K.L.:
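Would you mind keeping the following structure in view while I ask a few things?
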Amino acid sequence: MGKKKNTRKTILKIHKLLGLTTGLVIFVVSITGCFWVFKEEIESFYDDYKYVTPQNQEFLSASKIKELAKQAIPDRTIHGVIYGKPNEAIEVVFYEAEPKVFYHSVFLNPYTGNFIKRIDNDAGFFGFVLKGHLRLWLPDAIGSRVVSYSVLLFLIILVSGLFLWWPRNNKNWKQRLKFDWNSKTRWKRKNFDFHTVVGFYISSFGLILAFTGCVMAFNWFYFIAYKATGGDKAPQFIIPESISTVVVEKDQNPPYDQIIPMLYKTYKDAKTFELHYPENDSTSVLVEVSNSKGLYYNMDYLFFDQHTLKEIETTSIYGKYKDAKFADKVIRMNYDIHIGAIGGITGKIIAFLVSLICASLPVSGILLWYGRRYKKKENIKLNNLSNSY
């Protein structure tokens, strides 16, 4: 009995220490996560610039779009070009990680090439939210590490919390599963019940959010998670080299101009096609085919020889979704699970509520710690006063 009591005390100390250490970080990460969950839904209220009047003609070629986009933002690297439905503007994404993140989008009319709007994706409300979520608005080298390790420690906090929640005897089960408040219940008791009862009910979802967060934060965690589910492919993103060595004349249109019209015929139900221009004369052309709105896990990643347009297979988990094995699907679902999108709007609501409650746990936990600490100080003062008489 004494050994169990000592174990419980040790785990309680660890739980409190880690909670006090990471509390502010978990609060910020959780609150910003609440906002990020509904990013697409919120942005849909003011995204008129993403739509155009459909016309009875072909979209402009990928090479022409590249030329027009470069006029809008010269001397910057184009990450990809996103083609959508006939009533949607083409989005050209510019991205550079070094020396400072440059992440802009230019929207063009797909029929005329007319400039519609330029967006700084790293600015605005959601840019602010993402910076807070990923690095607490600190320099990336510092902030991202603080967030990553805090989320990893949050996994331990949740597990230790479940251990501490477990009732010592059968009489306490009812108390741990529901609130039993009345007019005489003090706020300290209510705070304790909230921390334990609500914490228990959301702990499994909280573990999922923290686990998927760690998969994105740590390469070693990502690799272990993939291998643990039976993965046998290369878990990283690999763009294969082109097979042929044919050289296209300078006055000829590049072969990749044919890819998007070809894919519109073969992937009739696709939501968008994101074409990535070849980085050099030997790399293949990558096209990401989005098969579901708001989801990433079931995308098809296609690779084409930039000279012959022959499709090339990849050894990575990021290929055609139909070829993905169980472990590949699990790891590809990670982001969609993290933001709740895997369950549609219901999943997002659950992710929002869980994230919100996760933000409240450090607050109620600190109040618990402070209340007990304050109570101890009061008892010491009372004892000293009684001894003085």
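Because the structure is a prediction, the values reported are computed rather than measured.
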K.L.:
Under 4.5 Å between any side-chain heavy atoms of Ile239 and Ser284, yes or no?
P.N.:
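Yes, side chains in contact.
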
K.L.:
How are the rings of His104 and Phe102 set relative to one another: parallel (under 30°), tilted (30 to 60°) or perpendicular (over 60°)?
P.N.:
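Judged by the thresholds at 30° and 60°, the geometry between His104 and Phe102 is parallel.
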
K.L.:
Got a sec: does the OH of Tyr46 have more than 12 other heavy atoms crowding it under 6.0 Å?
P.N.:
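Enclosed.
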
K.L.:
What do you reckon, is CH2 of Trp181 surrounded by more than 12 foreign heavy atoms closer than 6.0 Å?
P.N.:
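For Trp181, atom CH2 is crowded (more than 12 foreign heavy atoms under 6.0 Å).
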
K.L.:
Taking everything shown except Lys329 itself, do over 12 heavy atoms lie less than 6.0 Å from its NZ?
P.N.:
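Yes, NZ of Lys329 has more than 12 neighbouring heavy atoms, counting only those of other groups under 6.0 Å.
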
K.L.:
Tell me, do Arg186 and Phe192 make a side-chain contact under 4.5 Å, heavy atoms counted?
P.N.:
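In short, these two side chains do not touch, never coming nearer than 4.5 Å.
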
K.L.:
So Tyr256 and Val287, do their side chains get closer than 4.5 Å, heavy atoms only?
P.N.:
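A side-chain contact under 4.5 Å is absent here.
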
K.L.:
Answer yes or no: does atom OH of Tyr111 have more than 12 heavy-atom neighbours from other residues, nucleotides or ligands under 6.0 Å?
P.N.:
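Count over threshold, so yes.
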
K.L.:
In terms of side-chain heavy atoms, does Ser364 have a donor or acceptor partner in Asn191 at a distance below 3.5 Å?
P.N.:
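No pair is found: no donor N or O on one side chain lies under 3.5 Å from an acceptor on the other.
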
K.L.:
Side-chain polar contacts of residues 69-82 - donor-acceptor pairs under 3.5 angstrom, sequence neighbours left out - could you list them?
P.N.:
residue: Lys70; atom: NZ; partner: Arg76; partner atom: O; Å: 2.5
residue: Arg76; atom: NH1; partner: Glu96; partner atom: OE1; Å: 2.8
residue: Thr77; atom: OG1; partner: Glu96; partner atom: OE2; Å: 3.3

K.L.:
Under 4.0 Å between a side-chain nitrogen and a carboxylate oxygen: does that hold for Glu88 and Lys271?
P.N.:
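Judged by the 4.0 Å cut-off on N to carboxylate O distance, Glu88 and Lys271 do not form a salt bridge.
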
K.L.:
Is Lys117 positioned over the aromatic face of Phe107, cation under 6.0 angstrom from the ring centre and no more than 45 degrees off axis?
P.N.:
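That pair does not qualify as a cation-pi contact.
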
K.L.:
If you count the non-hydrogen atoms of other residues, nucleotides and ligands that lie under 6.0 Å from OH in Tyr267, is the total more than 12?
P.N.:
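It does: Tyr267 OH has more than 12 such atoms within range.
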
K.L.:
May I ask you to check whether Tyr318 and Phe303 place their ring centers less than 6.0 Å from one another?
P.N.:
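Here the rings of Phe303 and Tyr318 have centres that are no less than 6.0 Å from each other.
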
K.L.:
Within a reach of under 6.0 Å around NZ of Lys13, are more than 12 heavy atoms found that belong to other residues, nucleotides or ligands?
P.N.:
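Open: at most 12 neighbouring heavy atoms sit under 6.0 Å from NZ of Lys13.
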
K.L.:
For Phe273, which of Tyr301, Tyr83, Tyr264 qualifies under ring pair (Phe, Tyr, Trp, His ring centres under 6.0 Å)?
P.N.:
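Only one option passes, and that is Tyr264.
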
K.L.:
Would you please indicate if the ring centroids of Phe221 and Phe211 are separated by under 6.0 Å?
P.N.:
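Close enough - the centres of the two rings lie under 6.0 Å apart.
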
K.L.:
Heavy-atom count check: over 12 atoms from other residues, nucleotides or ligands less than 6.0 Å from Phe35 CZ?
P.N.:
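Atom CZ in Phe35 is not crowded, with 12 or fewer foreign heavy atoms closer than 6.0 Å.
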
K.L.:
Can you spot which of Phe163, Trp165, Phe194 makes a ring pair (Phe, Tyr, Trp, His ring centres under 6.0 Å) with Phe200?
P.N.:
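When ring pair (Phe, Tyr, Trp, His ring centres under 6.0 Å) is applied between Phe200 and each of Phe163, Trp165, Phe194, only Trp165 qualifies.
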
K.L.:
Spell out, as yes or no, whether a donor-acceptor pair under 3.5 Å connects the side chain of Lys131 to the backbone of Asp122.
P.N.:
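Indeed, once roles are kept as given, a pair shorter than 3.5 Å links the two residues.
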
K.L.:
Do side-chain atoms of Gln306 reach the backbone of Asn280 as a donor and acceptor pair under 3.5 angstrom?
P.N.:
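At least one qualifying donor-acceptor pair exists.
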
K.L.:
For Leu108, which of Val52, Asn114, Ile116, Leu68 qualifies under side-chain contact (heavy atoms from CB on, under 4.5 Å)?
P.N.:
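Among the candidates, only Leu68 passes.
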
K.L.:
Suppose we screen for side-chain hydrogen bond (donor to acceptor under 3.5 Å, both in side chains). Which residues come up paired with Lys178, at least two apart in sequence or across chains?
P.N.:
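For Lys178, no residue satisfies side-chain hydrogen bond (donor to acceptor under 3.5 Å, both in side chains) once neighbours in sequence are set aside.
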
K.L.:
Would you say the ring centroid of Tyr297 lies under 6.0 angstrom from that of Tyr321?
P.N.:
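Tyr297 vs Tyr321: aromatic centres under 6.0 Å.
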
K.L.:
So that I can tick it off, tell me whether Arg332 and Asp328 are bridged by a salt bridge, with the cut-off set at under 4.0 angstrom between side-chain N and carboxylate O.
P.N.:
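No, no charged N to carboxylate O under 4.0 Å.
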
K.L.:
Could you state the interatomic distance from CD1 (Ile42) to CH2 (Trp36), rounded to the nearest 0.5 Å?
P.N.:
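It is 10.5 Å, given to the nearest 0.5 Å.
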
K.L.:
Do the charged groups of Lys348 and Glu41 touch, with an N to O distance under 4.0 Å?
P.N.:
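Answer for the salt bridge query: yes.
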
K.L.:
Does Arg118 have more than 12 heavy atoms from other residues, nucleotides or ligands lying within 6.0 Å of its CZ?
P.N.:
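Yes, because the 6.0 Å sphere around CZ of Arg118 holds more than 12 heavy atoms from other groups.
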
K.L.:
Heavy-atom distance under 4.5 Å between the side chains of Phe237 and Leu286, does that happen here?
P.N.:
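With C-beta onward as the side chain, the pair touches.
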
K.L.:
Might you work through the side chain to side chain contact (heavy atoms under 4.5 Å, CB included) test for Ile14 and Ser160, ending with a clear yes or no?
P.N.:
CA-CA 8 Å; Ile14 294 171; Ser160 61; 5.6 Å; no

